[in-house]
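All remarks here apply to the structure that follows.
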Amino acid sequence: MRLKIFLVLMIEIIFFANAAQVSAEQPKAQEYRKILSSGNFYVEYDDKNIKRTVAQENGRRMARTNLGGNYRMLVSILNPLGAAFSDEKYPEFMCAGGKFYKFLEKDFALMIREEQLDDENLNPAEGWATIYQSLSLPNELAIFNWHDKFHKPPAALSEPVFIESAKKIIGGKEYDCDRYESKIMDAAGGTGSTIIFELCYTNGELALAKSELSINGKEYEINRLVVKKFLPNIPSGDFKLTGKEKIYSAGVGDMNDLLENPPFIGRLNEIR
């Protein structure tokens with residue numbers, strides 16, 4: 001009798017231990033949250049073979065998209081104002097002290113103050129309407145800091161909630177995947193559909209981040225990111241700024257725009 005009770009207890013212990021392993025987030029998840037909330041971080045990921053980097057240090061939020069080969073040539077042709085960097089280390093976008101910067105070259109940037117972002121006369125070709133998006137992590141990684149000031153998800157999208165962890169085979173490789181769900185609210189306040197986020201780890205480190213749309217029991221992939229680096233500090237030599245970069249005013253629909261002659265404001269280290 002005692003042996004039977006002992007065996008039952010052991011089975012229950014094993015069952016609940018396995019259940020805990022499946023239901024808990026990966027240990028690294030909380031560390032990533034602390035990194036992003038600390039104010040200093042460096043995140044590098046590939047989005048469809050295009051490398052994106054978002055970082056923050058000393059109150060400066062910076063981001064860069066590294067394009068190469070045909071990508072760089074195509075972007076240069078379609079949007080001359082969109083800097084398509086390959087191996088450069090300077091930021092493409094930056095926010096510091098309530099001012100936003102768009103670097104067209106490593107020593108040349110346009111600047112706008114935060115209170116000017118609603119100005120209807122802003123030159124749309126300069127891309128200020130999407131500046132927050134440019135400086136934010138994508139939804140798949142913003143799970144670790146959903147209320148970051150630069151992250152502007154649709155109002156109808158609820159904050160993702162952790163559901164479960166499970167082992168998955170993706171592309172022939174096994175991952176430990178944390179699953180999160182975010183509801184899309186319809187006009188009546190009900191749930192229209194669900195966005196599923198999966199953060200997939202290998203050897204304890206985040207490696208993949210996926211999002212899928214779930215409708216009527218079917219899931220359709222939205223995006224997939226390959227996570228390269230998730231660090232508490234910017235690596236030495238990255239996001240180089242000398243302070244001597246030339247800063248010009250953003251276009252506000254005046255004669256300077258027509259003449260393509262933006263007013264010179266000063267050097268970066270002179271901006272107050």
Side-chain angles (χ1 to χ4, degrees), residues 35-43 52-65 75 78-85 88-139 141-159 185 234 238-272:
I35 288 174
L36 292 184
S37 63
S38 72
N40 292 300
F41 63 85
Y42 179 94
V43 180
R52 283 270 300 152
T53 306
V54 181
Q56 185 165 306
E57 186 177 65
N58 299 325
R60 288 178 169 177
R61 173 66 66 91
M62 297 172 285
R64 179 177 62 240
T65 300
V75 172
L78 296 179
N79 181 15
L81 285 174
F85 310 136
E88 300 292 353
K89 295 295 186 179
Y90 52 95
E92 183 179 358
F93 305 99
M94 183 174 76
C95 179
K99 293 172 280 291
F100 292 88
Y101 301 82
K102 181 169 184 177
F103 285 81
L104 306 182
E105 298 177 10
K106 64 182 179 181
D107 61 350
F108 168 42
L110 299 176
M111 189 202 84
I112 188 172
R113 297 182 184 277
E114 190 167 14
E115 60 269 21
Q116 294 178 277
L117 287 177
D118 294 328
D119 189 337
E120 60 184 18
N121 295 315
L122 285 175
N123 184 350
E126 292 176 4
W128 299 110
T130 57
I131 190 67
Y132 279 100
Q133 179 181 337
S134 299
L135 289 164
S136 173
L137 289 170
N139 286 331
L141 298 177
I143 284 175
F144 295 122
N145 193 15
W146 195 254
H147 298 289
D148 174 64
K149 68 168 288 186
F150 296 98
H151 183 234
K152 306 289 184 182
L157 187 66
S158 68
E159 183 173 356
M185 312 304 290
I234 297 176
D238 210 312
F239 283 113
K240 293 179 179 179
L241 289 171
T242 65
K244 296 181 179 180
E245 292 80 6
K246 293 171 285 188
I247 310 300
Y248 294 80
S249 176
V252 290
D254 57 15
M255 187 60 69
N256 290 304
D257 289 2
L258 294 175
L259 298 175
E260 297 183 353
N261 184 33
F264 179 65
I265 297 175
R267 302 284 179 172
L268 181 61
N269 58 8
E270 300 170 347
I271 306 298
R272 297 291 182 266

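This structure is a prediction, so every number in the text was calculated from the model and none was measured.
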Answer yes or no: does atom CD of Glu270 have more than 12 heavy-atom neighbours from other residues, nucleotides or ligands under 6.0 Å? yes
Atom CD of residue position Gln133 - does it have more than 12 heavy atoms of other residues, nucleotides or ligands inside 6.0 Å? no
Indicate the atoms forming the closest heavy-atom contact of [X] with [Y], along with that distance.
X	Y	result
Ser249	Pro262	O-CB, 3.5 Å
Ser136	Arg52	O-NH2, 3.9 Å
Tyr248	Ile265	C-CD1, 3.7 Å
Lys240	Pro91	O-CD, 4.2 Å

Taking the side chain as everything from C-beta on, heavy atoms only, tell me whether [X] gets closer than 4.5 Å to [Y].
X	Y	result
Glu126	Ile112	no
Asn123	Leu110	no
Ile247	Ile271	yes
His147	Glu159	yes
Asp148	Arg61	yes
Phe144	Ile35	no
Leu36	Leu141	no

Side chain to side chain contact (heavy atoms under 4.5 Å, CB included) assessment of Lys99 paired with Glu114: CA-CA 6 Å; Lys99 293 172 280 291; Glu114 190 167 14; over 6 Å; no
Only counting residues at least two apart or in another chain, list the ones meeting ring pair (Phe, Tyr, Trp, His ring centres under 6.0 Å) with Phe41. none
Hey, does the side chain of [X] reach the backbone of [Y] with a donor-acceptor pair shorter than 3.5 angstrom?
X	Y	result
His151	Trp146	yes
Arg64	Lys89	yes
Glu245	Leu268	no

Run Phe100 and Phe93 through ring-ring contact (aromatic ring centres under 6.0 Å, His included) and show every step you take. CA-CA 7 Å; Phe100 292 88; Phe93 305 99; over 10 Å; no
If I take atom [atom1] from residue [X] and atom [atom2] from residue [Y], how far apart are they, to the nearest 0.5 angstrom?
X	Y	atom1	atom2	result
Cys95	Lys102	SG	NZ	15.0 Å
Asn145	Ile143	CG	CD1	12.0 Å
Arg267	Lys246	CZ	NZ	6.0 Å
Arg60	Leu135	CZ	CG	13.0 Å

What's the verdict on side chain to side chain contact (heavy atoms under 4.5 Å, CB included) for Leu241 and Tyr101, showing C-alpha distance, side-chain angles and the deciding distance? CA-CA 13 Å; Leu241 289 171; Tyr101 301 82; over 6 Å; no
Kindly assign one of parallel, tilted or perpendicular to the pair Tyr132 and Phe150, based on the angle between their ring planes and the thresholds 30° and 60°.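 Judged by the thresholds at 30° and 60°, the geometry between Tyr132 and Phe150 is tilted.
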